[in-house]
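The basis for the numbers below is simple: all heavy atoms, side chains too, and nothing from hydrogens, waters or symmetry mates. The sequence lines fix the lettering, A, B, ..., with proteins before strands; numbering per chain opens at 1.
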There are 2 protein chains.
Amino acid sequence: MPKSTPPEADSRRLQMADIARLAGVSTSTVSRALAGSKLISEETRTRVMELARSLKYNINIGAQNLRMKQNRTVGVVVPYDPDTRQHLSDPFFLSMLGSLADALTEQGFDMLVSRVDASELDAAAAPFDTGRVIGIVLIGQWRHHDQLNQLAARHVPIVVWGAQLPQQLYCTVGGDNLAGGELAGAHLLAQGRKRIAFFGDINLPEIGQRYEGLCNALAKAGITPDPALLVPASFVPDGGRLAVEELQRRGVVFDAVFAGSDLMAMTAINTFRQLGVDVPGRVAVIGYDDIELSSYFHPPLTTVQQPVREAGRALVASLLELTEGRPAPSLKLPTQLIVRSSSV
Amino acid sequence: MPKSTPPEADSRRLQMADIARLAGVSTSTVSRALAGSKLISEETRTRVMELARSLKYNINIGAQNLRMKQNRTVGVVVPYDPDTRQHLSDPFFLSMLGSLADALTEQGFDMLVSRVDASELDAAAAPFDTGRVIGIVLIGQWRHHDQLNQLAARHVPIVVWGAQLPQQLYCTVGGDNLAGGELAGAHLLAQGRKRIAFFGDINLPEIGQRYEGLCNALAKAGITPDPALLVPASFVPDGGRLAVEELQRRGVVFDAVFAGSDLMAMTAINTFRQLGVDVPGRVAVIGYDDIELSSYFHPPLTTVQQPVREAGRALVASLLELTEGRPAPSLKLPTQLIVRSSSV
DNA sequence: CTGAAAGCGCTAACAA
DNA sequence: TTGTTAGCGCTTTCAG
């Protein structure tokens with residue numbers, strides 16, 4: 001185990017006391033000057049600031065935080081699900097990370113990123129428990145509703161990207177999965193498709209709501225969902241391929257696929273191509289997320305767009321509410337159907 | 001500006017002194033017990049530990065760090081280039097982030113992620129200067145060689161993902177771009193292609209070396225590179241399309257494209273498709289990076305794989321060397337040609 | 001084996 | 001306007 005301290009051998013790090021000595025004042029004066037306090041005379045203030053700048057002195061934030069009992073870091077944790085293996089490599093999650101980085105930077109906060117094994121989700125609170133961050137944004141609700149509730153009950157300031165569930169103690173920000181699913185369903189129905197297969201694990205709250213949305217759309221068209229068309233695909237790399245094969249094995253008739261994620265839709269389309277099934281001719285396919293590559297795909301993928309930009313901002317805003325002791329209501333962000341060639 | 005302190009109104013955070021009082025010992029004893037010191041009797045140690053666990057007490061790392069002058073956080077900074085606009089949304093960079101997260105977690109380090117405007121790159125050192133991190137991993141060398149040299153000269157422990165350059169004071173870890181370029185060129189030549197266009201800004205060190213590799217391959221085949229085949233595409237979202245259009249405008253003959261990134265290759269292929277140009281029939285296309293979606297693309301993309309997994313580990317390993325005062329030689333990681341359908 | 005006391009680098013009363 | 005002093009939450013001599 002390597003030590004983690006730089007060798008202060010040669011040039012010890014500059015401290016406030018050094019600046020004070022060099023400026024011929026007390027550390028309090030330096031502290032005040034650097035903080036822009038009005039208690040300090042214009043003259044000394046600029047003198048101290050100049051000195052500090054020319055010496056490239058920087059305040060030690062750790063010490064400052066300790067003294068002021070403050071902190072401007074938020075934790076972003078990405079649960080790593082041992083089953084599905086979806087982790088920090090999923091394009092959608094990664095884009096959420098980027099969006100969060102932007103939103104936090106904008107607000108002057110630092111971002112401490114960690115991965116945690118989803119099966120021990122309380123570990124997600126570690127950065128908070130140890131005082132490193134003022135709160136946690138968790139990307140990926142999975143099926144850990146209960147563990148998340150426990151965290152919230154422990155008063156860990158946490159906001160989760162995911163679906164709003166009944167009996168929920170924690171704050172969620174998420175896309176409107178129900179509406180998104182319905183949008184997708186309605187679009188497919190409008191194209192004359194009636195046998196719509198759904199790929200995804202409906203035990204995951206978000207996926208479940210997307211499926212429910214699809215069912216709503218079907219209901220409005222007077223169609224009863226056929227359980228044979230529901231394939232419990234997971235987020236494994238080739239989930240789409242497996243789902244298509246399962247569908248074939250079942251020998252069920254279908255003319256459209258609504259996949260729980262873009263990645264799944266893409267692998268499904270590739271599998272169809274290998275099988276000589278024309279997309280969208282024989283089967284219309286629609287994905288979910290609108291990751292960047294969806295538009296580059298062939299055929300360009302019709303999909304439901306998640307509001308990633310807004311998501312980052314909203315997650316941060318809600319977390320800040322929580323850390324200030326105000327309640328943060330869960331939020332449902334609007335989604336949008338992006339029609340491209342894979343479904344028309 | 002929101003305040004960033006949680007309301008300690010109700011339940012003040014537990015401290016060591018609380019545990020000490022409850023256990024009827026001194027804080028020193030608690031400190032030692034929790035640290036697993038052998039100076040403490042088996043009995044008190046377990047008693048204290050039990051108590052701490054049952055009360056869910058956690059050591060305040062900030063205070064601990066201050067006192068011990070240590071730190072187990074490393075900064076990962078992603079420069080945001082105002083020109084090319086490539087930032088935290090590029091799939092390759094994002095996957096590097098993931099890989100770093102893994103490598104750091106493995107070593108028990110936390111990861112502080114920040115974005116900085118590449119035009120003020122010294123800001124990259126801020127987390128180090130303020131004592132928040134023990135060193136910096138910078139993803140994206142761009143053309144900021146000089147600024148990076150300055151950071152290194154200031155003794156900021158920093159390792160950069162990118163190309164090794166002459167007169168370089170900082171440590172780089174990167175793929176072997178020269179070999180990668182040559183691999184790609186040789187492959188294309190082996191397919192009988194002789195007029196190979198290159199898409200990318202060769203002023204960027206990594207891209208430049210890839211082009212140089214291509215030229216080496218051409219030279220070995222006795223072919224002189226044609227400047228008309230070099231298109232200075234950038235990383236803008238549809239760089240590939242623009243490059244193809246430029247090529248057409250030039251009216252130059254070509255039978256292959258080597259793109260500086262997979263994204264560029266993909267948009268190029270899409271453009272070719274729209275123009276009715278068969279890939280790989282009329283034009284073979286090869287990308288660079290091997291991002292996850294390359295294999296899902298149609299046609300599946302031939303590309304040069306960057307060793308992302310190893311990269312994360314290597315970057316972290318080198319940084320730790322630096323922080324311990326040891327020199328860290330720059331590293332060139334082997335790359336690999338992944339042949340898929342877009343080129344054969 | 002345990003406790004008292006000093007101090008990490010900084011800020012904030014309180015005095016001057 | 002400035003300095004003195006105490007102390008943020010922890011670890012570690014140094015004594016017992």
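- R47(B) and E50(B) are not joined by a salt bridge, as no carboxylate oxygen comes within less than 4.0 angstrom of a charged side-chain nitrogen.
- The backbone N or O of A163(A) sits less than 3.5 Å from a side-chain atom of Q141(A), completing a donor-acceptor pair.
- The backbone N or O of M16(B) lies less than 3.5 Å from no partner atom in the side chain of T27(B), so there is not a single donor-acceptor pair.
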For nucleotides 9-16 of chain D, read 5' to 3', which letter fits each nucleotide if B means a protein heavy atom sits under 4.0 Å from the base, S means only the sugar-phosphate is that close, and - means neither?
-> BBBBBB--
Salt bridge (Lys or Arg N to Asp or Glu O under 4.0 Å) assessment of R313(A) paired with E310(A) | CA-CA 5 Å; R313(A) 268 199 266 280; E310(A) 299 72 39; 5.5 Å; no
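- Annotation: cation-pi pair R154(A)/Y170(A) absent, no NZ/CZ under 6.0 Å from the ring centroid and within 45° of its normal.
- For the OP1/OP2 pair of dT1(D) and a distance below 4.0 Å, the side-chain nitrogens and oxygens of T44(A) include no atom meeting the criterion.
- For the pair L34(A) CG and dG9(C) P, the interatomic distance rounds to 16 Å; values are reported in whole Å.
- Going from atom CZ of R132(B) over to atom C1' of dG9(C) covers 15 Å, rounded to whole Å.
- Note that the two end axes of the helix from dC1(C)-dG16(D) to dA16(C)-dT1(D) enclose an angle of 40°, each drawn from 5 base pairs, rounded to 10 degrees.
- Side chain of D18(A) to main chain of Q15(A): a donor-acceptor pair is present (N/O by atom type, distance under 3.5 Å, no hydrogens or angles).
- In this structure, the separation between CE on M96(A) and CZ on R309(A) is 11.0 Å, given to the nearest 0.5 Å.
- Side-chain N or O atoms of N71(B) include one that pairs as donor or acceptor with a backbone N or O of G131(B) at under 3.5 Å.
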